[in-house]
Amino acid sequence: MGDSVLVATEADSLYALDLRTGRVRWHTTVGTPVPLSQLPCGNIDPLGITGTPVYDPATGLVFAVAEVTGPAHLLLGVDARTGKVRVRRSVDPPGADPRAHQQRAALALSRGRVYIAYGGLLGDCGDYHGWVVASRTDGSGPLTVYRVPTTREGGIWSPSGPAVDDQGRLYVAVGNGAATSGAWDHSDAVLRLSPGLHLQDGFAPTQWAEDNAADADLGSMGPVLLPGGLVFVAGKSGHGYLLHADDFGGIGGQAADGQVCEAYGGAAAVGSTLYVPCPGGLRQVRVDPGPRLGLGWRAPAAATGSPAAGGRTVYSLDPRGTLYALDADRGTVRATAPVGETSRFATPTLAGGLVLVGTLTGVTAVSPHP
């Protein structure tokens with residue numbers, strides 16, 4: 001935001017750093033994070049702010065959801081210039097067990113509302129559901145909510161979070177649900193929700209029940225909006241799907257599909273070309289006329305992280321500590337840089353001529369130019 005880098009941590013803290021020097025401009029702690037020992041399962045210790053915050057230029061606030069001791073989930077609206085907390089409210093879905101729900105998905109902002117998606121903890125323990133919760137940016141009024149209509153699970157957890165189109169409609173990827181036969185429970189799906197969080201449309205692969213049984217669902221990567229009214233999604237099964245944004249077609253209603261990879265995180269798109277995070281290396285995927293999916297280059301196997309694209313370069317991370325700069329057209333390695341160990345879902349941020357990387361111990365800034 002301007003010349004400040006806004007950072008959130010699992011210690012329930014937010015920082016503003018000077019873009020050029022890394023100097024701390026302000027630091028705000030909003031609560032006490034939850035130790036893993038107080039949760040039924042999971043893999044983050046302690047559990048604080050996990051979902052990527054969102055900045056609202058209309059109010060000058062950066063919004064984050066913090067898990068705090070209790071446990072409880074709080075929406076914080078923090079003044080991006082000063083670090084003062086202006087909004088603070090509970091955003092736990094009504095009737096939901098806060099211990100079983102994790103807020104991993106990036107927050108979304110549209111038309112004066114902050115949208116918050118929930119899934120479960122690693123291990124799928126407890127009675128959790130996929131939820132989307134909306135709050136007005138001034139923190140007033142009741143929450144608006146949507147729950148995936150499965151008896152259990154169906155988490156909305158992909159790190160890239162909901163995608164929002166120019167009509168304010170939300171697109172979310174849903175993980176595996178409890179049903180492995182019978183009627184579709186809207187899990188293993190892509191759902192389109194109205195700005196008021198009413199279900200408008202849904203898509204599931206024909207093998208949704210088998211995907212649920214094998215934990216091979218679509219929920220591991222967020223939907224990507226593309227030109228021509230198309231939506232791309234891929235998940236754990238290895239298949240990628242193109243959907244018509246205005247008509248998902250229900251079960252098996254995709255416009256096109258094809259083998260892509262087992263995808264985790266968030267993809268980047270430049271026009272109708274996608275860069276998809278794959279365990280065997282970042283993959284270029286083209287949307288060709290038809291429409292149909294065409295496979296392009298694959299990056300070195302270590303470059304598996306969710307990408308960011310700038311100019312003719314795509315940036316991706318090896319979570320063990322290396323940033324890759326890849327030629328967007330050919331996939332060749334232009335440069336690498338050591339940045340420090342990251343989480344598997346870390347995504348580079350491009351700002352002010354720098355590449356910024358959130359690591360397990362801080363923030364690293366890299367110049368893409370010698």
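Judged purely by atom type and a 3.5 angstrom limit, Thr32 has no side-chain atom pairing as donor or acceptor with the backbone of Val68. Panel note: side chain His101, backbone Asp97; a donor-acceptor pair is recorded below 3.5 Å. At least one donor-acceptor pair closer than 3.5 Å links the side chain of Trp297 to the backbone N or O of Ala328. In this structure a side-chain-to-backbone donor-acceptor pair under 3.5 Å is present from Trp26 to Ala80. Formation of a donor-acceptor pair under 3.5 Å by the Arg104 side chain with backbone atoms of Gly161 is not found in this model.
Taken to the nearest 0.5 Å, the CG atom of Leu74 stands 8.0 Å off from the CG atom of Asp92. Residue Glu262 holds its CD atom at 7.0 Å from OG of Ser220, rounded to the nearest 0.5 Å. Rounding to the nearest 0.5 angstrom, the gap separating the CG atom in Leu36 from the CG atom in Asn43 is 8.0 Å. Distance check: Leu170 CG to Ser194 OG gives 8.5 Å after rounding to the nearest 0.5 Å. Note that CZ of Phe232 is 5.0 Å distant from CE of Met221, once rounded to the nearest 0.5 Å. Atom CG of Asp188 sits about 11.0 Å away from atom OG1 of Thr150, to the nearest 0.5 Å.
A donor atom on one side chain and an acceptor atom on the other are found under 3.5 Å apart for Ser187 and Asn212. Under 3.5 Å, the side chains of Ser135 and Arg89 contain a donor-acceptor pair of N or O atoms. Under 3.5 Å, the side chains of His73 and Glu67 contain a donor-acceptor pair of N or O atoms. When only modelled atom types and interatomic distance are considered, Asp318 and Tyr324 share no side-chain donor-acceptor pair under 3.5 Å. In this structure, a donor-acceptor pair under 3.5 Å is present between the side chains of Glu10 and Thr50. Ser13 and His27 share a donor-acceptor pair across their side chains, judged by distance under 3.5 Å alone.
By the side-chain hydrogen bond (donor to acceptor under 3.5 Å, both in side chains) test, Tyr128 is found to be paired with Asp124, residues two or more places apart in sequence or in another chain being considered. Shown here are the side-chain hydrogen bond (donor to acceptor under 3.5 Å, both in side chains) partners of Asp45, two or more places apart in sequence or in another chain: there are none. Under the side-chain hydrogen bond (donor to acceptor under 3.5 Å, both in side chains) criterion, Arg113 pairs with no residue, sequence neighbours left out.
Within 6.0 Å of atom CZ in Arg292, 12 or fewer heavy atoms from other residues, nucleotides or ligands are found, so the atom counts as exposed in its surroundings.
With contacts defined as side-chain heavy-atom distances shorter than 4.5 Å, the pair Leu17/Val363 qualifies. In this structure the side chain of Val114 reaches within 4.5 angstrom of the side chain of Ile116, judged on heavy atoms.
Ring centroids of Phe203 and Tyr241 are separated by less than 6.0 Å, placing the two rings close together.
Among Val339, Thr347, Thr304, Leu282, the one residue that satisfies the side-chain contact (heavy atoms from CB on, under 4.5 Å) test with Leu317 is Val339.
Ionic pairing of Asp127 and Arg152 is not present here: no N-O contact between side-chain nitrogen and carboxylate oxygen is shorter than 4.0 angstrom.
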